[in-house]
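Questions regarding the structure given below will be posed in turn.
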Amino acid sequence: MIDQIFIKIFFLVLSIICFISLFQITKNRRLIWYVSVPVLILARDILYHFIPIPMVIGISDALMIAIIVIWFQTYIMDNKKTASTVLPNLILNFLKYNIVLIIIFVAISAMLYMKQSSEIIIKSIIENRILAICFSFLNTLYIFYIFDKIKQLNNEDYEPILKFSTLIRFFLIMPYFFYFFWGYDHILTQLIVFPAAYTLYPLVAYFVLSVYIKEKEISITYLSEEIDALFSFLKKMGDVIKGNHELDHIYKAVSDSAVDNIGAEAAALLMIDYETNELNVKAVTGYFPPPYKTDDYVTIKREYLEKFFLSNSIKFSDSVLGETAVSGKPIYIRDCSKDERMEHNTNIGIKHINSIIIVPIVISKKIAGVFSVIHTDRKKFFSKRDFNHINIFVDNAALTIENFFTYLELVEKHELDREIGIAAEIQRNLIPEKIPDFSGVIISAFSVPAKGVSGDYYDIIKLDANKIALVICDVAGKGVPASLVMVMIRSIFRLIANPQRTSGNLISWINKGICGNISLDRFATMSILIYDQKTMEATYTNAAHLPLLVYRKKTGNLEEIDTQGLPVGIDPNGTYGQKRIRFASGDTLFFCTDGITEAVNKKREQFSLEKFKSVVQDNINMNCDELSAKIRNEVNTFVAGAKQHDDQTLLLMKIK
């Protein structure tokens, strides 16, 4: 028996070393719960050594199943929107399930021992090996139930779980055969089954780690390819516009580029006719079967379907395409066979669509059409990366189409001053129309262009439930050229922004992305701050922009925070410093461009950073919107009617 304990301790130490190594490499919270499993198994074995009661094994098995359930729940918390309808709170349901099992076992035992006392009934439950095995086995069935539910989600985020489901099922079921035929005290159970339990969790953790590392490697490659694809698309659009002023050629170039960039089998661009509330197909690349019900005669030949799709308008209610046109929300169906909206395209005929993405085309803040890509190959599925890629792609395509509309107006009217209007429209599309609401902060901002066209840009993005990204940027120069550089910066920033990246990572990627694609006189100064509302900490990086000002409520002082780095767009190998900052409730952050601090009055005097600080100190008790308005009024009062020579932008955030 001592030898058995030593064997188990050996496996325990091996498992803990494995888990600590995995966790140190990944820092992945999905592996944290695994660390407690080997300890629980050893505690079970030691307890059973001194109290050899079958239900000790049954209860410990239930606890281990609970840990696996918690592991599942961590994935669900990361994908709440897709999972909440199919998988409710697993932990709570697991507790309810066990309470029901206990009530059933007590009732069965009471029926079997009706004439016995309650002590004997409880003792019979605890000491009955068959009941203990049944209790463990039924808990294991709950895991099988979760596996089946996860398959219904049609979500690639759960593939690591499903990939190892067979392995997990085997290790969970295998011990019960030994327990049933040989009992808990047999030498095979003690030397094979119990120690083997230690190998399950490190093995699954290893596979999860391998998937995690592979995803990281793919992510790095994906970002590089994504930026290259973005500039390739912008260049292609420029060439098309130079060579042809027909809108149909623009639509076709967009659909062709999407197929090339994302590797889809086909793409379709449809625009809305608001007089009839229908979608009209404007461009198709590849073979795109109609994603809705069609007459049988149309499905006889592939060319019939192609002509039918191109020549017929589509009512909003007839197709999943219309759903996006009405709601303005993108649709990602990874596996069409598991979505009832695609029931007319999941047979084995020529109408088959395996995977589909549909994204709204928004022009001038209005849904103008939809863009869709499909896989018809039964072995190919779109990923969430593809979904994010096509959203960014369509966002830029919409800007291109919108700019082309404006360009056509300019050509028709021959008005040179329309250039300012074009650039101003681009600028308005770049700046958030409405500042989002956040639970832990209050944000206010304003941006006033000097000549109708601003070289300033700011953005606020919610990265996840806790993290917020704030960016402020000042592009050298004015007019359309500066606005196009801002389109590039905005596109790259929104493409690469995610909760795992720090401010230094983001600015480095932006710098590499625009270097070589713009002239040296189109550089930009910028600052990025990634704030975590939960920890009240942030990472901050400044690329030659004005320093961040932080008002500390506790001390009443204004701090200047700066980091090292050149403006973006100058040196592709430039390095950028980064600072981690801790905030407290009541602290207020100020980002501004030099158009405010260098505002000049008629006496050629500058407003100055010191006067800006003074206004902040004197009015810090105002709410964010009032303080923002106060700063703007103070600048206007100071210049006293003097001509504004530079764009003025302010972004402030107060910690609740």
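The chain is numbered in sequence order, starting from 1.
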NZ/NE/NH1/NH2 to OD/OE distance under 4.0 Å, Lys252 and Asp248: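 Looking at Lys252 and Asp248, the cut-off is not met.
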
Short side-chain to backbone donor-acceptor contact, Ser355 and Phe381, under 3.5 Å: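 Pair absent, no side-chain N/O of Ser355 close to backbone of Phe381.
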
Looking only at non-hydrogen atoms, find the nearest pair between Ile353 and Pro289 and report the distance.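 Scanning both residues, the minimum pair turns out to be CD1-O, 3.8 Å.
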
Heavy-atom closest contact (Ala524 atom, Cys473 atom, distance):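 In this case the closest contact between Ala524 and Cys473 is CB-SG, 3.8 Å.
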
Given the rule in the side chain to side chain contact (heavy atoms under 4.5 Å, CB included) test, do Ile363 and Glu402 qualify, once you have shown the distances and angles that lead to the verdict? CA-CA 6 Å; Ile363 296 177; Glu402 182 172 7; 3.7 Å; yes

Glu278 side chain to Ser313 main-chain N or O, any donor-acceptor pair under 3.5 Å?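 No; judged by distance alone, with no hydrogens or angles, the pair does not exist.
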
Aromatic rings Tyr292 and Phe308: how do their planes relate, parallel, tilted or perpendicular, breaks at 30° and 60°?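 Tilted, since the angle between the ring planes falls between 30° and 60°.
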
Can you confirm whether the side chains of Asn354 and Thr376 place a donor and an acceptor under 3.5 Å from each other?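 No, Thr376 and Asn354 have no side-chain donor paired with an acceptor closer than 3.5 Å.
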
Atom OH of Tyr304: over 12 foreign heavy atoms under 6.0 Å: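 No - once you tally the heavy atoms of other residues, nucleotides and ligands closer than 6.0 Å, there are 12 at most.
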
What heavy-atom pair brings Ser372 and Leu321 nearest, and what distance separates the two atoms?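 Heavy-atom minimum between the residues: CB-CD2, 3.9 Å.
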
Within this structure, what is the CZ-CD1 distance for the pair Phe288 and Ile374, rounded to the nearest 0.5 Å?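 The distance works out to 4.5 Å.
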
Glu340, CD atom: more than 12 neighbouring heavy atoms under 6.0 Å: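 Open: at most 12 neighbouring heavy atoms sit under 6.0 Å from CD of Glu340.
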
Does a donor on one side chain sit under 3.5 Å from an acceptor on the other, for Ser383 and Asp386?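 There is such a pair (donor and acceptor under 3.5 Å, judged by atom type) between the side chains of Ser383 and Asp386.
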
Check Asn391, Asn388, Asp459 against Arg494 for a side-chain hydrogen bond (donor to acceptor under 3.5 Å, both in side chains) and give me the one that passes.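 Exactly one candidate clears the test, Asp459.
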
Could you give the distance from CG (Leu138) to OH (Tyr97), rounded to the nearest 0.5 Å?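 OH of Tyr97 is found 4.5 Å from CG of Leu138.
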
Leu269 backbone acceptor or donor facing Lys282 side chain under 3.5 Å: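 Checking the backbone N and O of Leu269 against the side chain of Lys282, no donor-acceptor pair under 3.5 Å is found.
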
Inter-residue atom distance Tyr287.OH - Glu303.CD, 0.5 Å rounding: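 Atom-to-atom, Tyr287:OH and Glu303:CD are 9.5 Å apart.
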
Nearest-0.5 Å distance, NZ of residue Lys315 to CG of residue Asn277: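 It is 10.5 Å, given to the nearest 0.5 Å.
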
Interatomic spacing from CZ in Arg334 to NE2 in His375 - rounded to 0.5 Å: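 Between Arg334 CZ and His375 NE2, I get 10.5 Å after rounding to 0.5 Å.
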
I would like to know whether Ile272 and Phe316 meet side chain to side chain contact (heavy atoms under 4.5 Å, CB included); could you show each step before the answer? CA-CA 9 Å; Ile272 296 174; Phe316 290 164; 3.7 Å; yes

Using the six-membered ring wherever Trp is involved, compare the ring planes of Phe393 and Phe371 and label them parallel, tilted or perpendicular (cut-offs 30° and 60°).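 Geometry flag for Phe371 against Phe393: tilted rings.
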
Go through the structure and list residues passing side-chain contact (heavy atoms from CB on, under 4.5 Å) with Thr539, not counting sequence neighbours.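 Partners of Thr539 by the side-chain contact (heavy atoms from CB on, under 4.5 Å) criterion, ordered by chain and then number, come out as Thr502, Ser503, Ile530, Gln578, Arg580.
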
With a 3.5 Å distance limit and no angle check, can you tell me whether Asp339 reaches the backbone of Asp335 through a side-chain donor-acceptor pair?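 It does not hold such a pair.
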
Rounded distance [0.5 Å steps], CD1 in Ile350 versus OG1 in Thr299: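 Those atoms lie 6.0 Å apart.
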
